[in-house]
Amino acid sequence: MINQRITKLRQLMKERGIDLYIIPTSDFHQSEYVGSYFEARHYMSGFSGSAGTLIVRQEEAYLWTDGRYFIQAEKELAGSCIQLMKMRTPGVPTIKEYIEKYPEATIGFDGRVMPYNQCLFTNTIQANEDLVDLIWQERPELSHEEVYLYDTKYCGASRKEKLEIIREEMKDAKYHLVTTLDDIAWIFNIRGNDVLCNPVALAYALIEKEKAYLYLRKEAVSQEVIDELLKDQIEVKDYFDIYEDIKHIEGKVLLDTKSVNYALVSHIRQEILLIKQTQVNYLNQLKTKQKSKQLKMLIYMMVLLLLNLCIG
């Protein structure tokens, strides 16, 4: 079964002039955990571990994974045409080193599941098509669980307050593109159930100085939620509209190339692109401050409770 899928992938690659195709373990947002729709690497390789990258050429196919999964990968790859690359072991090239061996190769991948900073190849790139989707006939549906608002009393600050701080940090950037699901859930005080064991919704956010756009699966958002967000100048748009909207923005864009995917960055006019190479630290700093306040309040309440128990 796996060999048949690899053969089909090679046929699609040949038809498109692709020499090397990359299938990572990722979703459109570089999440640590991914939903069933995004298990393309598992489907194509048979390897079910949570971390790994499959690379296919006409002559060979390799799967890179780390030491946690060496034994598991050997068992699950047995009988297939895929060879195991044991990461960080002597004589095993990194993915980057392997690709550099083929400077003339045309590289293919789904640009939505690769972060921009990992796609700085000198090779010709074709990243506008998900070839696995053409093979995976019974692929699970992209999740669209209900999106709900998280009460401000549990958040530490309103979405309006958070956006005001973010806009100050944007400085001369006209837009801030945010694609990490936990950051979006925190900024807009929304929650969802699109990723197992993570209360997040599949979403993108484009923040301007006066308003913001939140890109969600429309079928997952009630009119009540849409109206409530609109009170804070937050317009809800369809999840995939971001890929068209980003082509037409004018002005500097603040984003993190470690998390924003290749397809989105490629759609931005390069001459107006302001890239923040490191993690957007101020978001984490803001979260830490809010958590510190909440922790102090929790300690205060516990002290009061203990005093009441002692007095009683």
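The first residue of the sequence shown is numbered 1, and numbering continues consecutively from there. None of the values given here were measured: they were computed from a predicted structure.
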State whether the number of non-hydrogen atoms from other residues, nucleotides or ligands found under 6.0 Å of [X] atom [atom1] is greater than 12.
X    : atom1 : answer
K160 : NZ    : no
L196 : CG    : no
K75  : NZ    : no
K14  : NZ    : no
Q223 : CD    : yes
E224 : CD    : no
E32  : CD    : no

Is there a side-chain contact between [X] and [Y] in this structure, where contact means two heavy atoms from C-beta onward sitting under 4.5 Å apart?
X    : Y    : value
D245 : Y215 : yes
H267 : Y243 : yes
L255 : I268 : yes
N261 : Q30  : yes
D110 : V132 : no
D232 : F188 : no
M44  : I23  : yes
S36  : E141 : no

[X] side chain to [Y] main-chain N or O, any donor-acceptor pair under 3.5 Å?
X    : Y    : answer
R217 : E146 : no
N123 : I125 : no
S158 : E161 : yes
D19  : T106 : yes
T65  : A51  : yes

Run the salt bridge (Lys or Arg N to Asp or Glu O under 4.0 Å) test on E208 and K174 for me, step by step, so that the C-alpha distance in whole Å, both residues' side-chain angles and the decisive distance to 0.1 Å come before the verdict. CA-CA 6 Å; E208 298 181 13; K174 187 175 180 181; over 6 Å; no

Between E104 and T124, does the side-chain contact (heavy atoms from CB on, under 4.5 Å) criterion hold? Intermediate values first, please. CA-CA 8 Å; E104 303 301 319; T124 300; over 6 Å; no

Can you name the closest pair of heavy atoms from [X] and [Y] and give their distance?
X    : Y    : answer
Y21  : L131 : OH-N, 3.1 Å
R167 : I207 : NE-CG2, 4.0 Å
K162 : N189 : NZ-OD1, 2.6 Å
I2   : S80  : CG2-CB, 4.1 Å
S50  : T25  : O-CG2, 3.3 Å
K86  : T89  : O-OG1, 2.5 Å

Applying a strict under-4.5 Å side-chain criterion to I, L, V, M, F, W and Y, I'd like to know whether [X] and [Y] cluster together.
X    : Y    : result
V113 : Y43  : no
V92  : Y102 : yes
Y148 : I226 : no
L120 : V260 : yes
W64  : I22  : yes

Assess whether side-chain contact (heavy atoms from CB on, under 4.5 Å) is satisfied between L216 and I190, documenting all intermediate values. CA-CA 11 Å; L216 297 162; I190 62 169; 4.3 Å; yes

Basic-acidic side-chain contact under 4.0 Å: E97, K101: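 Looking at K101 together with E97, the answer is no, because their closest N to O distance does not fall below 4.0 Å.
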
Are any of the side-chain nitrogens in R68 or D66 under 4.0 Å away from the carboxylate oxygens of its partner? yes

Is the NZ or CZ atom of R191 both under 6.0 Å from the centre of the six-membered ring of Y150 and within 45° of that ring's axis? yes

Is NZ or CZ of K237 both nearer than 6.0 Å to the six-membered ring centre of Y213 and within 45° of the ring axis? yes

Quick check for you: to the nearest 0.5 Å, what is the distance between [X] atom [atom1] and [Y] atom [atom2]?
X    : Y    : atom1 : atom2 : answer
R10  : R57  : CZ    : CZ    : 9.5 Å
L214 : L206 : CG    : CG    : 10.5 Å
D238 : E219 : CG    : CD    : 7.5 Å
T94  : M85  : OG1   : CE    : 10.0 Å
R139 : Y37  : CZ    : OH    : 4.0 Å
I184 : H29  : CD1   : NE2   : 7.0 Å

Check for me whether the distance between the ring centres of F109 and Y262 falls short of 6.0 Å.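 Yes - the distance between ring centres of F109 and Y262 falls below the 6.0 Å cut-off.
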
What orientation do Y62 and Y98 show, parallel under 30°, tilted 30 to 60°, or perpendicular over 60°? perpendicular

For the pair Y239 and F28, name the ring-plane relationship: parallel under 30°, tilted 30 to 60°, perpendicular over 60°.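 Y239 vs F28 ring planes: parallel.
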
With R16, the side-chain hydrogen bond (donor to acceptor under 3.5 Å, both in side chains) member among Q126, Q11, E129: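 Considering Q126, Q11, E129, a side-chain hydrogen bond (donor to acceptor under 3.5 Å, both in side chains) with R16 is found only for E129.
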
Going through the checks in order, is the side chain to side chain donor-acceptor pair (under 3.5 Å) test met by Q72 and S48? CA-CA 8 Å; Q72 177 183 340; S48 60; 3.0 Å; yes

Would I6 and V56 count as a side-chain contact (heavy atoms from CB on, under 4.5 Å) here? Give the steps. CA-CA 8 Å; I6 296 296; V56 177; 4.0 Å; yes

Between I107 and I99, is the side-chain contact (heavy atoms from CB on, under 4.5 Å) condition met? List the steps. CA-CA 9 Å; I107 298 175; I99 292 174; 3.5 Å; yes

Please check if any side-chain donor atom of S143 sits under 3.5 Å from a side-chain acceptor atom of D194, or the reverse.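 Yes - a donor-acceptor pair under 3.5 Å links their side chains.
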
Can S45 and E76 be counted as having a side-chain donor-acceptor contact under 3.5 angstrom?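 No donor-acceptor contact under 3.5 Å links the two side chains.
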
Given the rule in the salt bridge (Lys or Arg N to Asp or Glu O under 4.0 Å) test, do E228 and K231 qualify, once you have shown the distances and angles that lead to the verdict? CA-CA 5 Å; E228 191 64 31; K231 292 177 183 178; 3.2 Å; yes

